[in-house]
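These notes are about the structure you will find just below.
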Amino acid sequence: MQHIQIDIISDVVCPWCYLGQKRLALALEEVKDSVAADIAWKPYQLEPNAPPEGFNTFDYLAKKIGGPERVRQSHEMLKGLGAEIGLPFALERAGILPNTLDAHRLLHWAGKIGPEIQDKVAHALFTANFVEGRNVGDDAVLADIAEACGMDRAEVERLLSTDTDRDTIKTEIANAQRMGVSGVPFFVIDGKYAITGAQGVDVFANALRQIAEMKAKA
């Protein structure tokens with residue numbers, strides 16, 4: 001059994017990140033007899049200049065990708081891809097595209113508690129945004145998620161009211177960009193192998209097997 005470290009660089013309002021992490025999880029299940037992975041979530045912001053109140057998601061996407069019809073087509077494609085692996089995308093509910101800096105701070109604090117809590121928080125943030133249509137830029141929503149995942153709600157509320165770790169998150173994002181990350185999801189394995197984008201389950205599984213074999217020979 002080979003143990004590997006996987007850093008998932010993502011943004012919680014990126015539908016391809018939601019898709020990619022699920023495909024990775026399915027691949028890890030497929031190779032579980034030979035590979036065990038420790039997962040850490042790392043920050044990235046698709047729209048770091050989003051105001052505190054966020055943007056209207058549909059207006060923002062229409063301007064970005066070429067109009068309302070392109071947005072509709074994109075949503076249909078994502079829903080189809082999600083349905084193939086059991087992800088219940090409800091993109092029409094995600095009406096607000098928020099600034100995700102605070103969501104990344106929450107993930108950072110969850111990571112200090114442990115990888116299992118961080119993983120729970122990451123999945124809860126994706127679900128809140130892409131399934132339940134909740135605003136993951138809202139402190140009350142973040143506090144709800146923290147509490148549901150076993151974190152200390154009062155402490156999270158206190159930290160959110162301060163600037164704690166804002167610079168830490170911005171530095172981590174800048175480091176990722178210097179490393180060459182210009183889009184997400186971006187998966188870094190053992191600090192030296194990269195997989196870009198929401199690849200298929202087979203692509204992930206084959207890459208994990210190859211990396212495990214190289215480690216076994218090293």
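Keep in mind it's a predicted model, so treat the numbers as computed, not measured. Residue numbers start at 1 and run along the sequence shown.
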Is there a side-chain contact between Leu106 and Met151 in this structure, where contact means two heavy atoms from C-beta onward sitting under 4.5 Å apart? yes
Counting N and O atoms only, with roles assigned by atom type, does the side chain of Asn56 sit under 3.5 Å from a partner on the main chain of Asp59, one being a donor and the other an acceptor? yes
Please confirm whether the backbone N or O of Ile113 pairs with a side-chain atom of Gln118, one donor and one acceptor, at under 3.5 Å? no
Do the side chain of Arg105 and the main chain of Thr164 share a donor and acceptor less than 3.5 angstrom apart? yes
Using a strict 4.0 Å threshold on nitrogen-to-oxygen distance, state whether Arg72 and Glu76 make a salt bridge. no
Quick one: does Pro115's side chain get under 4.5 Å of Asp38's, heavy atoms only? no
Taking the inter-plane angle between the rings of Phe89 and Tyr18 on a 0 to 90° scale, is it parallel (under 30°), tilted (30 to 60°) or perpendicular (over 60°)? perpendicular
Provide the closest heavy-atom pair for Asp139 versus Asp102 in the form atom of the first, atom of the second, distance. OD1-OD2, 3.3 Å
Could you measure the distance from the NE2 atom of His108 to the CZ atom of Arg166? Nearest 0.5 Å is fine. 13.5 Å
Looking just at side-chain N and O atoms, do Gln45 and Asn99 make a donor-acceptor pair shorter than 3.5 Å? yes
What heavy-atom pair brings Ala140 and Arg153 nearest, and what distance separates the two atoms? O-NH2, 4.0 Å
Under the 3.5 angstrom rule, does the side chain of Arg93 hit a backbone N or O of Val131 as a donor-acceptor pair? yes
Are any of the side-chain heavy atoms of Tyr193 and Met214 separated by less than 4.5 Å? yes
Are Leu159 and Glu155 side-chain neighbours, meaning at least one heavy-atom pair lies under 4.5 Å? yes
same_hphob_cluster(Leu107, Leu101) at 4.5 Å side-chain heavy-atom cutoff: no
Among Lys215, His3, Gln5, exactly one meets side chain to side chain donor-acceptor pair (under 3.5 Å) together with Asp190. Which residue is that? Lys215
Establish whether Ile8 and Ile211 are linked, either directly or via other cluster members, by ILVMFWY side-chain heavy-atom contacts under 4.5 Å. yes
Any non-hydrogen side-chain atom of Phe186 less than 4.5 Å from a side-chain atom of Met179? yes
Closest non-hydrogen atom pair between Val184 and Ile9, with its separation: CG1-O, 3.3 Å
If you count heavy atoms of other groups shown closer than 6.0 angstrom to CD of Glu116, is the number above 12? no
Applying side chain to side chain contact (heavy atoms under 4.5 Å, CB included), run through Asn129 and Val12 and close with a yes or a no. CA-CA 8 Å; Asn129 185 66; Val12 298; over 6 Å; no
Distance check, rounded to the nearest 0.5 Å: Ser34 atom OG versus Gln2 atom CD? 8.5 Å
Salt-bridge present (Lys79, Glu92; N to O < 4.0 Å): yes
Salt bridge (Lys or Arg N to Asp or Glu O under 4.0 Å) for Arg209 and Glu30? Distances and angles first, verdict last. CA-CA 10 Å; Arg209 287 191 190 99; Glu30 195 174 300; 3.3 Å; yes
Between CG on residue Leu125 and CZ on residue Arg134, distance to nearest 0.5 Å: 9.5 Å
Heavy-atom pair of closest approach, residues Ala50 and Leu97: CB-O, 4.5 Å
Going only through I, L, V, M, F, W and Y residues with side-chain contacts under 4.5 Å, is there a path from Leu26 to Leu81? yes
Are any of the side-chain heavy atoms of Ile65 and Val71 separated by less than 4.5 Å? yes
Can any side-chain N or O of Ser74 pair as donor or acceptor with the backbone N or O of Arg70 at less than 3.5 Å? no
Please name the pair of heavy atoms, one in Phe204 and one in Gly20, separated by the smallest distance, quoted to 0.1 Å. CE1-O, 3.8 Å
Quick one: does Arg23's side chain have a donor or acceptor within less than 3.5 Å of a partner on Ala198's backbone? yes
Using every non-hydrogen atom in the two residues, find where Ala128 and Val136 come nearest and quote the distance to one decimal. CB-CG1, 3.9 Å
If the plane angle is over 60° it's perpendicular, under 30° parallel, otherwise tilted; pick one for His75 and Phe58. perpendicular
Check: Gln21/His123 side-chain N/O donor and acceptor closer than 3.5 Å: yes
Is the shortest heavy-atom distance from the side chain of Leu208 to the side chain of Ile6 under 4.5 Å? yes
Does Ser10 use its side chain to pair, donor to acceptor, with the backbone of Cys17 at less than 3.5 Å? no
Between atom CG of Asp152 and atom CH2 of Trp109, what is the distance when rounded to the nearest 0.5 Å? 12.0 Å
Less than 3.5 Å apart, any donor N or O on the side chain of Glu172 or Tyr44 sitting next to an acceptor on the other? no
Check whether Leu78 and Ile85 end up in the same hydrophobic cluster, where Ile, Leu, Val, Met, Phe, Trp and Tyr are linked by side-chain heavy atoms less than 4.5 Å apart. yes
Strictly by modelled atom types, are Asp11 and His104 linked by a side-chain donor-acceptor pair under 3.5 Å? yes
Donor-acceptor pair, Thr57 side chain versus Ala94 backbone, under 3.5 Å? yes
Could you check whether any side-chain N or O of Asp165 sits under 3.5 Å from a backbone N or O of Thr168, counting only pairs where one atom can act as donor and the other as acceptor? no
Following the transitive rule for hydrophobic clusters with a side-chain heavy-atom cut-off under 4.5 Å over Ile, Leu, Val, Met, Phe, Trp and Tyr, establish whether Ile39 and Phe187 coincide in one cluster. yes
Mind checking whether Val188 and Ile195 have side chains closer than 4.5 Å, heavy atoms only? no
